[in-house]
Trainee: 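Structure in structure tokens, see below.
Throughout, protein chains are lettered first and strands after them, A, B, ... in sequence-line order, and every chain is numbered starting at 1.
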2 protein chains.
Amino acid sequence: MIGNPLQATAFHVSTRGEYGMRVMVELARRYGQGTISLRSVAEGEALPEAYLEQLVASLRRAGLVSGKRGAGGGYQLVKDPAHVTAGDVVRALEGPIEPQVCTAEGESIVNCPHEPKCGTRQLWVKLQATIADALDSLTLAELARWPVGHGKAG
Amino acid sequence: MIGNPLQATAFHVSTRGEYGMRVMVELARRYGQGTISLRSVAEGEALPEAYLEQLVASLRRAGLVSGKRGAGGGYQLVKDPAHVTAGDVVRALEGPIEPQVCTAEGESIVNCPHEPKCGTRQLWVKLQATIADALDSLTLAELARWPVGHGKAG
DNA sequence: ACAATCCCTACCGGAATGATCGGAAATCCC
DNA sequence: GGGATTTCCGATCATTCCGGTAGGGATTGT
């Protein structure tokens, strides 16, 4: 856990999303160089290796990375970084983008008692679409080629 | 807690945001009719009254509602619903919109060790701006005048 | 053989979530 | 003034989630 003690904040992305995204960007930077050991990524980004294993497992099950065992093994991206979006990564790590259960991506299963006089639903629907669009419009390739802090870096 | 058991989902809004937003929309609908008791809102929306008290306390401290004690008392919006945004409500209930500690609204205090070679920061910055813009562009008045479910209601 | 590496499962302490409860203070009506 | 109503305030509590740690098994290169 990097950074300050955090009070309540809205729309905070957990370390699963944060660390996992860092790993993916690092793999994107080294795309085409064969497999990269998780240890080297963990050390390079100063993150706990054992914890990363869990996150990478989710990424592998989602078909985003492939692992190779044994000495000299490691992980690599399955697809070209230009064809993997931040949305793909976030969904693999944290599940579908779903501000409320009634506004899930794809099919909505829930039958909400607040319908049909629900005044808040349109808000969550809009929010879901907005977030998904923002995440899906940014690729790993774009993130990987922007390694340096711009503007007033925090 | 309305709805189904929820597996892991990204960007999920807690009941603070959900219930609190419902209360605000209800108060917006009855704007200009004097104070509304929390009990009537709780019964109308089928929400736990005692829990709502806590949420409304946050809304009051944020200057969004005012309470009047005693028989016939209740709450009412301080400002016209057309001048209160969903963003105001969410921030009052769940804190600033902050995907990561390094991408807080306003001033960023954190000095992150990942800078300046952080490839993920631009993602969270974009996300923060996108979410804030979506929430700030929708007013309580708009939400209140759309009480009926549209499209395929969940 | 042996070291490196992925892979899998279980566990664990602390914090957040989603409430409930009891009571104090103000206000209205009779 | 008495009582009903309602906001306000703080404590408590059960459950779940978060952010890891620990240990071991399977596979591969040298």
Trainee: For the side chain of A:Ser14, counting heavy atoms from C-beta on, which of D:dG19, C:dT20, D:dT7 is nearest?
Mentor: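 My answer, after comparing the listed nucleotides, is D:dG19.
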Trainee: Nearest-Å distance, CD (A:Gln76) to C1' (D:dT28)?
Mentor: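 These atoms are roughly 15 Å apart.
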Trainee: Side chain of B:Ala50 only, heavy atoms from C-beta on: which candidate in C:dC6, D:dT28, C:dT20 is closest?
Mentor: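 Nucleotide nearest to B:Ala50's side chain: C:dT20.
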Trainee: With rounding to the nearest 0.5 Å, note down the distance linking CG in B:Asp136 to OG1 in B:Thr85.
Mentor: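 Here the interatomic distance stands at 4.5 Å.
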Trainee: Determine whether any donor atom in the side chain of A:Glu53 lies under 3.5 Å from an acceptor atom in the base of C:dC6, or the reverse, and answer yes or no.
Mentor: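 Side chain to base: no pair present.
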Trainee: Counting side-chain heavy atoms from C-beta on, which of C:dT27, D:dG20, D:dC8 comes nearest to B:Ala71?
Mentor: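 So the nucleotide nearest the side chain must be C:dT27.
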Trainee: Could you grab the distance from atom SG of A:Cys118 to atom CD of B:Glu45, nearest 0.5 Å is fine?
Mentor: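 Reported value, rounded in 0.5 Å steps: 7.5 Å.
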Trainee: Between A:Glu18 and A:Arg22, is there a salt bridge with N-O shorter than 4.0 Å?
Mentor: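 Result for this pair is yes, salt bridge flagged.
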Trainee: Rounded to whole angstrom units, what separation is found between the CG atom of A:Leu55 and the P atom of D:dG19?
Mentor: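 Distance check: A:Leu55 CG to D:dG19 P gives 10 Å.
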Trainee: Is A:Tyr19 close enough to D:dG19 that one of its side-chain N or O atoms is under 4.0 Å from OP1 or OP2 there?
Mentor: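 So the side chain of A:Tyr19 is outside the cut-off, no N or O lying under 4.0 Å from OP1 or OP2 of D:dG19.
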Trainee: Would you kindly give the CD-to-P distance between B:Glu49 and C:dC21, to the nearest whole Å?
Mentor: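 From B:Glu49 CD to C:dC21 P: 13 Å.
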Trainee: I'd like to know if A:Glu94 and A:Arg16 make a salt bridge, using a cut-off of under 4.0 Å between side-chain N and carboxylate O.
Mentor: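 A salt bridge is absent here (no side-chain N lies under 4.0 Å from a carboxylate O).
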Trainee: From C:dT20, D:dT21, C:dG18, pick the nucleotide closest to the side chain of B:Thr15?
Mentor: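 Side chain of B:Thr15 sits closest to C:dG18.
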Trainee: Hey, does the side chain of A:Tyr75 come within less than 4.0 Å of C:dC7's phosphate (OP1/OP2), counting only N and O?
Mentor: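 Yes, because at least one side-chain N or O of A:Tyr75 sits under 4.0 Å from OP1 or OP2 of C:dC7.
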Trainee: With a 4.0 Å limit, can you tell me whether B:Arg60 has a side-chain N or O closer than that to the phosphate oxygens OP1/OP2 of D:dC8?
Mentor: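 Yes, within the criterion.
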Trainee: Nearest-Å distance, CG (B:Leu52) to P (D:dT7)?
Mentor: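 It is 11 Å, rounded to the nearest whole Å.
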Trainee: Any sub-3.5 Å donor-acceptor pair from B:Glu105's side-chain atoms to B:Ile97's backbone N or O?
Mentor: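 Yes.
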Trainee: Could you check which of D:dG20, D:dT6, C:dC6 has an atom nearest any side-chain atom of B:Arg69?
Mentor: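 In terms of side-chain proximity for B:Arg69, the closest of D:dG20, D:dT6, C:dC6 is D:dT6.
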Trainee: Would you mind reading off the distance between A:Leu59 atom CG and C:dC7 atom P, rounded to a whole angstrom?
Mentor: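 For the pair A:Leu59 CG and C:dC7 P, the rounded distance is 12 Å.
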Trainee: Between A:Gln54 and A:Gly72, who's closer to the 5' end of DNA chain C by nearest nucleotide?
Mentor: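 First, find each residue's nearest nucleotide; the 5'-ward one identifies A:Gly72.
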Trainee: Which nucleotide in the list C:dA4, D:dG20, D:dT6 gets nearest to the side chain of B:Ser37?
Mentor: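 Closest nucleotide among those given: D:dT6.
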Trainee: Starting at atom CD of A:Glu18, determine the distance to atom C1' of D:dC18, rounded to an integer number of angstrom.
Mentor: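 These atoms are roughly 13 Å apart.
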Trainee: Would you say A:Lys68 reaches C:dC7's phosphate, i.e. side-chain N/O to OP1/OP2 under 4.0 Å?
Mentor: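 The answer is no; no side-chain N or O of A:Lys68 sits under 4.0 Å from OP1 or OP2.
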